[in-house]
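Just below is one structure, and these are the notes that go with it.
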Number of protein chains: 2
Amino acid sequence: MDVATLSALAEPNRLQMVELLRDGPLTVGEIADQLGIRQPQASKHLKVLNEARIVDVRPQANQRIYNLRPEPLQDMQIWIQSFRRLWEDRFDRLDAYLEELQKENPTE
Amino acid sequence: MDVATLSALAEPNRLQMVELLRDGPLTVGEIADQLGIRQPQASKHLKVLNEARIVDVRPQANQRIYNLRPEPLQDMQIWIQSFRRLWEDRFDRLDAYLEELQKENPTE
DNA sequence: GAAGAATATACCGATGCGGGAATATTGTTG
DNA sequence: CAACAATATTCCCGCATCGGTATATTCTTC
């Protein structure tokens, strides 16, 4: 899992931006409006998201249209899935069994 | 989605700790060893993870055993799933259709 | 209760991040 | 090319965070 993705998302405005963009591409101005922040901060946060490859930009006339890229979030999903057994009951018996093995034959 | 979870994970040592704990509970000393960091930093990072409710602790004799809690990661999984359509092809036609509608009847 | 092991906490210094304000850049239109 | 709109960049400041080191706390054992 890439720390860059997590730290890009670990900021309230940027997280909200990503959630806004979930419903489709938006302009810098639109994003700033919706979040109630000033344009320069919007640009700065979008720059961070862009450098983390979470969004991409395409110029259109005077404006820049930001859009979500799938890869980083998809990577997150894959990473998260490696923890599935934490919240899935059906492995309980297997867990107990493996822990039992562990005790009998410790790795170190 | 909770920013606290993301910012707790957005630090390399803490991310590694969580990955270590995926395979079972560990002691502070064990964690510090595996990551090659000093004990005080390990304790500090574990405190952050604990405050984000990503781990819990149980004392056992002289030591403290840290363990993963499912909820925050599970919440992340749920959040991530709201972006599924980003990387699932089967909505391509629907996407194109919606974008077409957008052009004909712009929101603003 | 003294000594030692495991862990937590406090303090310090360096660095980075976020917001504010001003300004630069780029594109459009008359 | 002048004026304007949309966006990016720069500079400054206050604050949080991280690592290092020292010290405190807690538990165990003799």
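Every chain is numbered from 1 and lettered A, B, ... according to where its sequence line falls, protein lines coming before strand lines. These figures come from a predicted structure and were not determined experimentally.
Counting to the nearest Å, the P atom of dA8(D) and the CD atom of Glu51(A) are 12 Å from each other. Atom pair Lys47(B):NZ and dA6(C):P shows a separation of 22 Å (rounding to whole Å applied). Separating the CZ atom of Arg58(A) from the P atom of dT7(D) is a distance of 13 Å, rounded to the nearest angstrom. Atoms CD (Gln16(B)) and P (dC18(D)) sit 14 Å apart, rounded to a whole Å. The distance between atom CG of Asn50(A) and atom C1' of dT7(D), rounded to the nearest whole Å, is 14 Å. Atoms CG (Asp33(A)) and C1' (dA6(D)) sit 12 Å apart, rounded to a whole Å. Computed from coordinates, the Gln60(A) CD to dT7(D) P distance equals 11 Å when rounded to whole Å. Between the P atom of dA6(D) and the CG atom of Asn62(A) lies a distance of 7 Å, rounded to the nearest Å.
Contact annotation: Arg64(B) does not reach the phosphate of dA6(C) (side-chain N/O to OP1 or OP2, under 4.0 Å). Distances shorter than 4.0 Å separate some side-chain N or O of Tyr66(B) from OP1 or OP2 on dA8(C). Under 4.0 angstrom from either OP1 or OP2 of dG20(D) there lies at least one side-chain N or O belonging to Arg38(B).
The side chain of Ala61(A) lies closest to dT28(C) when the candidates are dT28(C), dA22(D), dC27(D). Distances from the side chain of His45(A) to the nucleotides dG4(C), dG18(C), dT7(C) place dG18(C) closest. Across dG18(C), dC18(D), dT7(C), the shortest atom-to-atom separation from the side chain of Arg14(B) is found for dC18(D). Of the listed nucleotides (dG19(D), dA6(C), dT9(C)), dT9(C) has the atom at the smallest distance from the side chain of Pro40(B). Among the nucleotides dT10(D), dC18(D), dA5(C), the one closest to the side chain of Lys44(A) is dT10(D). In this structure, the nucleotide among dT7(C), dA6(D), dT26(D) sitting nearest to the side chain of Gln63(A) is dA6(D).
No donor-acceptor pair closer than 3.5 Å links the side chain of Arg69(B) to the backbone N or O of Val55(B).
In this structure, Pro59(B) reaches neither bases nor backbone, as no heavy-atom distance under 4.0 Å exists between it and the strands shown. Gln39(B) comes within 4.0 angstrom of a base, heavy atoms only.
Where Ile65(A) and Asn13(B) meet DNA chain D, the nucleotide closest to each residue was compared, and Ile65(A) sits on the side nearer the 5' end. Nearer to the 5' terminus of DNA chain C, by closest-nucleotide assignment, is the contact made by Leu46(B) (compared with the other of Glu11(A) and Leu46(B)).
Taken from CG in Asp2(A) to CD in Glu71(A), the straight-line distance is 12.5 Å, to the nearest 0.5 Å. Remark: Leu21(A) CG to Leu86(B) CG distance equals 9.5 Å, nearest 0.5 Å.
A side-chain donor from one of Glu19(B) and Trp79(A) sits under 3.5 Å from a side-chain acceptor of the other.
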Side chain to side chain donor-acceptor pair (under 3.5 Å) assessment of Arg64(A) paired with Thr27(A): CA-CA 6 Å; Arg64(A) 302 223 171 183; Thr27(A) 283; over 6 Å; no

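Within 6.0 Å of the CZ atom in Arg22(B), the count of heavy atoms belonging to other residues, nucleotides or ligands exceeds 12.
On a pure distance criterion of 3.5 Å, a polar donor-acceptor pair joins the side chain of Gln41(A) and the base of dG20(C).
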